[in-house]
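Reading through the structure tokens given below for one structure.
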Number of protein chains: 2
Amino acid sequence: MFQGEFSNNMDEKGRVSIPAPFRDTLKTHHADGQLFITRSHNTDCLIAYPTREWKRLQAAVKEMPAKLRPHFKRAVITPSQLFSPDKQGRILLAGVLRQHASLSRAVHFAGTGETFEIWDKASWDKQLVTDLAALQDFELDM
Amino acid sequence: MFQGEFSNNMDEKGRVSIPAPFRDTLKTHHADGQLFITRSHNTDCLIAYPTREWKRLQAAVKEMPAKLRPHFKRAVITPSQLFSPDKQGRILLAGVLRQHASLSRAVHFAGTGETFEIWDKASWDKQLVTDLAALQDFELDM
DNA sequence: GTTAAATTCCCCACGATTCCCCACTAAATC
DNA sequence: GATTTAGTGGGGAATCGTGGGGAATTTAAC
């Protein structure tokens with residue numbers, strides 16, 4: 001499980017450390033240790049899928065409304081890149097992906113269970129304000 | 001049952017002791033002794049869920065209005081941190097959580113039955129004034 | 001095709017943080 | 001008053017994030 005929030009800094013070369021807890025789950029639960037990273041189709045962030053989840057996504061694409069499929073393929077499947085963290089646990093995010101999430105220096109990692117998201121810290125903070133505002137009057141009954 | 005109020009001090013390293021009575025109930029009523037700690041979605045405090053209650057929360061997320069779900073996931077589920085108190089019964093809260101509750105030194109623990117809340121002492125005191133004011137003209141009939 | 005420049009990859013190194021253990025003090029219990 | 005328990009502090013080892021150097025590879029330029 002990918003859980004928790006972590007902020008790391010991207011250096012001048014464009015390298016960012018994957019948070020250690022995420023590396024651990026990747027290593028222990030996902031044999032090949034590889035990550036497919038692509039853009040989110042409806043938020044300003046990137047989503048990292050371990051191989052198993054990436055396959056599930058591809059299966060889901062086949063099930064989605066035919067009209068949306070080409071859009072989704074171009075927007076999400078095509079720009080995806082395969083990563084394996086280097087010995088220091090870092091990845092090098094380049095070009096298209098970095099731009100889509102407006103990544104500059106402060107990079108925010110957010111665990112979402114089977115995958116995790118990669119945000120620019122400022123964007124995340126902004127999003128969080130919106131989230132909390134939307135929940136202000138919500139009462140959870142359990 | 002988590003019941004009562006307790007104040008402990010966070011040290012320079014960011015460690016806080018869980019009040020002994022809470023540790024006891026955790027140990028006797030919750031086999032794994034683990035705590036999920038996360039943001040409260042509508043108050044300036046943190047909420048600690050034993051595993052069983054955490055599962056109930058996750059079930060509740062599936063039942064909540066679809067519009068709110070992504071907000072709730074980002075604001076509450078993602079930042080959650082899993083703890084098992086160390087040998088001294090302390091935990092080390094991550095920056096994100098510490099900030100949400102504005103925790104500095106005096107940390108206030110408030111039992112709420114199946115879960116308990118973690119407040120900055122000053123915020124708690126302030127909240128209490130509001131609570132009492134709101135109840136000023138209320139007559140309880142029972 | 002050859003050379004130059006830029007990029008990427010791999011390794012080492014430093015500083016900060018975190019984790020784990022031990023110790024002290026004050027309060028509670030017997 | 002002696003003994004246990006709770007909260008707090010600190011030291012040292014290990015881990016993590018981050019910067020930088022240099023080799024290797026790719027890309028661009030002539």
Side-chain angles (χ1 to χ4, degrees), chain A residues 2-28 32-37 48 79-99 103-111 116-121 124, chain B residues 2-28 33-35 37 46 48 79-99 103-111 116 118-121 124:
Chain A
F2 298 107
Q3 207 174 27
E5 286 181 46
F6 307 90
S7 269
N8 286 338
N9 292 322
M10 189 165 70
D11 63 21
E12 281 98 47
K13 297 181 181 178
R15 298 175 296 182
V16 209
S17 293
I18 306 281
F22 288 3
R23 274 181 290 175
D24 278 356
T25 52
L26 191 62
K27 203 152 103 187
T28 55
D32 61 1
Q34 289 187 323
L35 282 176
F36 289 81
I37 300 184
S80 73
Q81 278 182 44
L82 182 58
F83 292 92
S84 12
D86 68 16
K87 217 174 187 175
Q88 281 72 22
R90 288 181 285 196
I91 55 173
L92 180 72
L93 289 168
V96 186
L97 293 178
R98 202 190 314 186
Q99 280 170 29
L103 299 181
S104 50
R105 188 172 160 79
V107 180
H108 201 72
F109 294 83
F116 62 89
E117 298 179 348
I118 303 174
W119 290 71
D120 178 68
K121 180 73 164 59
W124 173 268
Chain B
F2 298 107
Q3 211 170 26
E5 289 181 45
F6 306 90
S7 269
N8 287 338
N9 291 323
M10 188 165 71
D11 64 21
E12 280 99 47
K13 295 183 181 178
R15 298 174 297 184
V16 210
S17 294
I18 306 280
F22 289 2
R23 273 182 288 172
D24 279 356
T25 52
L26 191 62
K27 205 151 102 187
T28 54
Q34 290 187 325
L35 280 178
I37 300 183
L46 306 178
S80 73
Q81 217 184 335
L82 180 59
F83 291 95
S84 10
D86 68 15
K87 221 173 185 176
Q88 282 72 22
R90 287 182 287 195
I91 55 172
L92 179 72
L93 292 165
V96 186
L97 295 178
R98 220 181 305 175
Q99 278 170 31
L103 299 182
S104 50
R105 187 170 163 80
V107 180
H108 201 72
F109 295 82
F116 62 90
I118 303 175
W119 291 74
D120 178 69
K121 182 72 166 59
W124 172 268

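So that the names make sense, note that chain A is the first sequence line, chain B the second, and so on, each numbered from 1. The figures that follow rest on heavy atoms only: side chains count, while hydrogens, waters and symmetry mates do not. On a predicted model such as this, the values are computed, not experimentally measured, just so you know.
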Exercise. Report yes if the side chains of A:F116 and A:L35 come closer than 4.5 Å at any heavy-atom pair, otherwise no.
Key: yes
Quiz item: Excluding sequence neighbours, so at least two apart, what forms ring-ring contact (aromatic ring centres under 6.0 Å, His included) with A:F83?
Solution: none
Quiz item: Considering residues at least two apart in sequence or located in another chain, which fulfil the ring-ring contact (aromatic ring centres under 6.0 Å, His included) criterion with A:F109?
Solution: none
Practice problem: Taking side-chain hydrogen bond (donor to acceptor under 3.5 Å, both in side chains) as the test, write out the residues that go with A:N9, two or more places apart. | Solution: none
Quiz prompt | Heavy-atom protein contacts under 4.0 Å, nucleotides 6-11 of chain D, coded B base, S sugar-phosphate only, - none | solution = SSBBBB
Quiz prompt | By side-chain hydrogen bond (donor to acceptor under 3.5 Å, both in side chains) - contacts of B:S80 (at least two apart) | solution = A:Q3
Practice problem: Quick one: list whatever passes ring-ring contact (aromatic ring centres under 6.0 Å, His included) with B:W119, sequence neighbours left out. | Solution: B:W124
Quiz prompt | Relative orientation of the end axes in the helix from C:dG1-D:dC30 to C:dC30-D:dG1, expressed as an angle to the nearest 10° (five pairs per end) | solution = 30°
Practice problem: Could you tell me the separation between the CG atom of B:L82 and the P atom of C:dC19, rounded to a whole number of Å? | Solution: 12 Å
Check: protein-nucleotides 4-6 of chain C nitrogen or oxygen pairs below 3.5 Å:
none

Self-check item: Selection residues 18-28 of chain A - residue pairs positive for side chain to side chain donor-acceptor pair (under 3.5 Å), sequence neighbours left out
Solution: none
Please list, for nucleotides 24-29 of chain C, all pairs of protein and nucleotide N/O atoms separated by less than 3.5 Å.
none

Quiz item: Can any side-chain N or O of A:R98 pair as donor or acceptor with the backbone N or O of A:L93 at less than 3.5 Å?
Solution: yes
Exercise. Only pairs at least two apart or in different chains count here, so list each salt bridge (charged side-chain N to carboxylate O under 4.0 Å, His left out) that has a residue in residues 79-92 of chain A.
Key: A:D11-A:R90
Quiz item: Listed by chain and number, what are the side-chain hydrogen bond (donor to acceptor under 3.5 Å, both in side chains) partners of B:K121, not counting sequence neighbours?
Solution: B:D125
